[in-house]
*Asks:* 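First, the structure itself, so that you have it in front of you.
Letters A, B, ... are given to chains in the order of the sequence lines, protein chains preceding strands, and every chain is numbered from 1. Any value given below was found using the heavy atoms of this structure, including those in side chains, with hydrogens, waters and symmetry copies removed. Keep in mind that what you see is a predicted model, and the values were worked out from it rather than measured.
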4 protein chains.
Amino acid sequence: MIENYKYCDEVQLIEADSAKGRLVNVAAKLFNQKGYARTTVRDIASELGILSGSLFHHFPNKEAILCIAMAEAILKASKFMELAMEGTTDAKQQLRILIHCEITALHDENDPGFQLMIPEWRSLNADNRACILSLRQRYEARWHKVLESLQQQSVVNAEARVLRHFIRGALLETCNWYKPSGTLSQKELSDRLFESIIHQQ
Amino acid sequence: MIENYKYCDEVQLIEADSAKGRLVNVAAKLFNQKGYARTTVRDIASELGILSGSLFHHFPNKEAILCIAMAEAILKASKFMELAMEGTTDAKQQLRILIHCEITALHDENDPGFQLMIPEWRSLNADNRACILSLRQRYEARWHKVLESLQQQSVVNAEARVLRHFIRGALLETCNWYKPSGTLSQKELSDRLFESIIHQQ
Amino acid sequence: MIENYKYCDEVQLIEADSAKGRLVNVAAKLFNQKGYARTTVRDIASELGILSGSLFHHFPNKEAILCIAMAEAILKASKFMELAMEGTTDAKQQLRILIHCEITALHDENDPGFQLMIPEWRSLNADNRACILSLRQRYEARWHKVLESLQQQSVVNAEARVLRHFIRGALLETCNWYKPSGTLSQKELSDRLFESIIHQQ
Amino acid sequence: MIENYKYCDEVQLIEADSAKGRLVNVAAKLFNQKGYARTTVRDIASELGILSGSLFHHFPNKEAILCIAMAEAILKASKFMELAMEGTTDAKQQLRILIHCEITALHDENDPGFQLMIPEWRSLNADNRACILSLRQRYEARWHKVLESLQQQSVVNAEARVLRHFIRGALLETCNWYKPSGTLSQKELSDRLFESIIHQQ
DNA sequence: AATGAATGAGAGTTCATTCAT
DNA sequence: AATGAATGAACTCTCATTCAT
């Protein structure tokens, strides 16, 4: 039954201050905390101080909330990343920036949808997966280009594709242990990963 | 209701050939495919050719199946790892072995519980978490020792604790993209990660 | 959403004394009284002294109950009619029997599904409609043959097809006004309609 | 909740060209197509190009729309019928006219409420039923008189009351099969029923 | 050990209706 | 007159779990 609904035909950033924006944000936070399946629409509604039926004024169903949270997150992260990359041509520095941007996206309290993308992938139906996938393409293409360049320079010891997966996994896992409020800053955390891969002579 | 049940007081390896062993195996496989929450006890039972009520002759509840699958997996992986480490004293080689063992555990078809440990952690209640945590301790202690040794030798550029998280994430993520049947063998995959971290002079 | 479920692949008479048989009977009675849409599964369950969830042990959804009630009704009515027609060759007498059988089916307390067929037709999805339609075919074919024969004899003044619709409507409407407990017996009622159409010289 | 509201205290014909008139018309059409219970106020509103909340500026609730649609229909049909009967004294001819008028009312696209009266009777609460019933009285009294007269002349073979039910059913059922756009005109259809009952010598 | 009917809480969703703007 | 966000009760259906057989 989860199969026959499709969202995000026309993706567009929702204003974070709107009712809809707050709703997506709150929902994504709960999805992160408890998992999508374990989060009920009543949980989301009560967090917002409304009743569960009112959610369906804004979204046709629960999955649409997840889908739009992911869509917004990847769009936002893509923009942020491209802005941050501007003017940098050195592949090593580009990688440093990519890592930092992804860390930022994963731990941005105002954009809780980014870290859902991998673990809650299975919660999307085929159509919604296709939609999110297409949005991720531009973002992943950037990564690929940088890593390929590094591979050709023999700065890294693995195929670009394989290395991207390693890095994604390492970064995603930070959501399970890293607390931004601790002693390690996000910048330092990013650098730790960067330096684990790129050894300076 | 998930809160008030505790399993795995007395952990012991179930014979893989027993009815109980097959049950855990089948269930863990389904949990991997669809996620614990989305897998129903009926799914598990029908895969086994029995009715859902019959599951409860073997396990007090669904969570217990998850818990024991994890417990078995970590015990089995620990044994396998310690066997593989025997006689190796060089820290670099030890790391290579650890990585290879974890890849093996993650992709072992006969031990599908290992890859559940992180993503389905939240599906366990407090008691069961404590139980699994204690079983993981010995396993993680081994990792820690090796990584600390490498850090002291300045072979790696991050704190042992942080690096362990990076590696765990990178390895876990392989479950989402790596197919053992493809062109890259598990050994090669392990080596890719090893060489990404440990740069040879 | 009502669209994507199909029932009655393999139609077979359910034993009226079984739990399932009683369930269909009770449900169909309620559908007659209040209409399908206004009858809740809780209504049905509470009439049976069980809880609403238990219904779904026997039927996959509410529509399936309606569908099987119709399927059983038309099968039962077909059998009854063919038995009653045996040995009768005179078309007038055959019509008399057909009318009587349909009156009987419409007012049979133990087969409350028959009178649902027309008014609740729209409550079925496309697949279920096709299923019921195919079951009705044999039944309607009988009517058609008799009425055509009468038309050729010029005993009736309308095309067989049109006349069948008139008769069906007239008979169906009896459910809204006729009470078998009143002064008019079912036999008499049937004869009134018969004699309204077939004028004796 | 359907019980405690009463409409149609003061019945009056709404101008068909008014906003209210169009609304009733559109709603009744939908009620015919999908059934009252399955038609949502959003369906009606979207057909009119407004939002569902706006309906309640014109009508206190959904049931009122149904009720007024019926009320208008019976008033309109009564007027039409009495006009058509004027000057006709022969009972047979009167019946022919009555049948034709009812066919006309049932298939009048501009008066879709008439065919709702029987099948959606159950959707009205007690007060609204009483209201519609009183409006139908004059209309039905006309039928009764004509049929009694025919019965006394022994032109028909059933009690007036019973025959009226037969005819009503036969006519109502035409809504389920007869298409005015087909080869049979409404006049011909009416005559078919007339001639099925009144056999010419 | 297994069945299968039943439970009962709770899930997502629907929808007539209200009301401040 | 119309909007559209919100309500809240009711809906169908799911599912882990129980238990007499």
*Asks:* Determine, stepwise, if the pair R122(A) / R129(A) fulfils side-chain contact (heavy atoms from CB on, under 4.5 Å).
*Replies:* CA-CA 9 Å; R122(A) 289 177 306 191; R129(A) 283 183 196 186; 4.1 Å; yes
*Asks:* Would you tabulate the pairs of protein nitrogen or oxygen atoms and nucleotide nitrogen or oxygen atoms of nucleotides 18-21 of chain F closer than 3.5 angstrom?
*Replies:*
none

*Asks:* Say whether, by atom type as modelled, one donor and one acceptor occur between the side chain of Y36(B) and the main chain of L116(B) under 3.5 angstrom.
*Replies:*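 No, because the side chain of Y36(B) does not come within donor-acceptor range (under 3.5 Å) of the backbone of L116(B).
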*Asks:* Round to the nearest Å and state the distance from K34(D) atom NZ to dT14(E) atom C1'.
*Replies:*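 In whole Å, dT14(E) C1' lies 13 Å from K34(D) NZ.
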*Asks:* Could you check how far CG of L48(D) sits from P of dA1(F), rounded to whole Å?
*Replies:*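 Distance, rounded to whole Å: 14 Å.
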*Asks:* Under a cut-off of 3.5 Å for both distances of each Watson-Crick or G-U pair, what dot-bracket string does DNA chain E give, using [ ] for crossing pairs and | for inter-strand pairs?
*Replies:* .||||||||||||||||||||
*Asks:* Taking the minimum atom-to-atom distance to the side chain of K62(D), which one of dT17(E), dA2(E), dT17(F) wins?
*Replies:*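 Nearest listed nucleotide: dT17(E).
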*Asks:* Ignoring hydrogens and angles, tell me if any N or O in the side chain of N32(A) forms a donor-acceptor pair with the backbone of P112(A) under 3.5 Å.
*Replies:*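 Side chain of N32(A) to backbone of P112(A), a donor-acceptor pair under 3.5 Å: yes, one is there.
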*Asks:* Please compare V41(A) and A37(D) by the position of their nearest nucleotide in DNA chain E and report the one closer to 5'.
*Replies:*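 Whichever sits nearer the 5' end wins; that is V41(A).
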*Asks:* If I take atom NZ in residue K20(B) and atom C1' in nucleotide dA1(E), what distance separates them, rounded to the nearest angstrom?
*Replies:*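 About 13 Å, once rounded to whole Å.
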*Asks:* If I take atom CD in residue E63(C) and atom P in nucleotide dC11(F), what distance separates them, rounded to the nearest angstrom?
*Replies:*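 In whole Å, dC11(F) P lies 18 Å from E63(C) CD.
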*Asks:* Please name all residues satisfying side-chain contact (heavy atoms from CB on, under 4.5 Å) with S52(A), sequence neighbours left out, ordered by chain then number.
*Replies:*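 In terms of side-chain contact (heavy atoms from CB on, under 4.5 Å), with neighbours along the sequence ignored, S52(A) is linked to V41(A), R42(A), A45(A).
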*Asks:* What is the separation between atom CG on D43(C) and atom C1' on dT12(F), rounded to the nearest whole Å?
*Replies:*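 Atom CG in D43(C) sits about 13 Å away from atom C1' in dT12(F).
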*Asks:* Provide, to the nearest angstrom, the distance between the CZ atom belonging to R22(B) and the P atom belonging to dA2(E).
*Replies:*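 Going from CZ in R22(B) over to P in dA2(E) covers 10 Å.
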*Asks:* Using the side-chain contact (heavy atoms from CB on, under 4.5 Å) rule, take M70(A) and C131(A) through it: C-alpha gap first, then chi angles, then the decisive distance, then the call.
*Replies:* CA-CA 10 Å; M70(A) 290 186 186; C131(A) 161; over 6 Å; no
*Asks:* With sequence neighbours excluded, tell me which residues meet side-chain contact (heavy atoms from CB on, under 4.5 Å) with L48(A).
*Replies:*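 In terms of side-chain contact (heavy atoms from CB on, under 4.5 Å), with neighbours along the sequence ignored, L48(A) is linked to L23(A), V26(A), I44(A), I50(A), L55(A).
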*Asks:* Is there a donor on the side chain of R42(A) or the base of dG12(E) sitting less than 3.5 Å from an acceptor on the other?
*Replies:*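 Answer yes: a donor N or O sits under 3.5 Å from an acceptor.
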*Asks:* Residues two or more places apart in sequence or in another chain: which of them pass side chain to side chain donor-acceptor pair (under 3.5 Å) with T40(B)?
*Replies:*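 T40(B) satisfies side chain to side chain donor-acceptor pair (under 3.5 Å) with D43(B) only.
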*Asks:* Let me spell it out: for each of L55(D) and G49(A), pick the nucleotide of DNA chain F with the closest heavy atom. Which residue's pick is nearer the 5' end?
*Replies:*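 First, find each residue's nearest nucleotide; the 5'-ward one identifies L55(D).
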*Asks:* Output all residues satisfying side-chain contact (heavy atoms from CB on, under 4.5 Å) with I118(A), sequence neighbours left out; order by chain, then residue number.
*Replies:*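 side-chain contact (heavy atoms from CB on, under 4.5 Å) check on I118(A) returns R136(A), R168(A), L172(A), E173(B), N176(B).
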*Asks:* Side chain of T40(C) only, heavy atoms from C-beta on: which candidate in dC11(F), dT7(E), dC15(F) is closest?
*Replies:*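 Closest nucleotide to the T40(C) side chain: dC11(F).
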*Asks:* What nucleic acid atoms does I50(C) come within less than 4.0 Å of, heavy atoms only: base, sugar-phosphate, or nothing?
*Replies:*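 Since only primed, P, OP1 and OP2 atoms lie under 4.0 Å of I50(C), the category is sugar-phosphate.
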*Asks:* In whole Å, what is the span from the CZ atom of F59(A) to the P atom of dG12(E)?
*Replies:*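 Taking atom P of dG12(E) as the reference, CZ of F59(A) is at 15 Å.
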*Asks:* Quick one: is the NZ or CZ of K62(C) closer than 6.0 Å to the six-membered ring centre of F56(C), and within 45° of its axis?
*Replies:*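 Pair K62(C)/F56(C) does not count as cation-pi.
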*Asks:* To the nearest Å, how far apart are L51(C) CG and dG10(E) P?
*Replies:*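 Spelled out: CG on L51(C) to P on dG10(E) is 14 Å.
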*Asks:* So if I take every side-chain heavy atom of N61(C) and compare against dC13(F), dA2(E), dT3(F), which nucleotide ends up nearest?
*Replies:*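 That would be dC13(F).
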*Asks:* Restricting to side-chain contact (heavy atoms from CB on, under 4.5 Å), what partner residues turn up for L133(D), sequence neighbours left out?
*Replies:*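 So L133(D) forms a side-chain contact (heavy atoms from CB on, under 4.5 Å) with W121(D).
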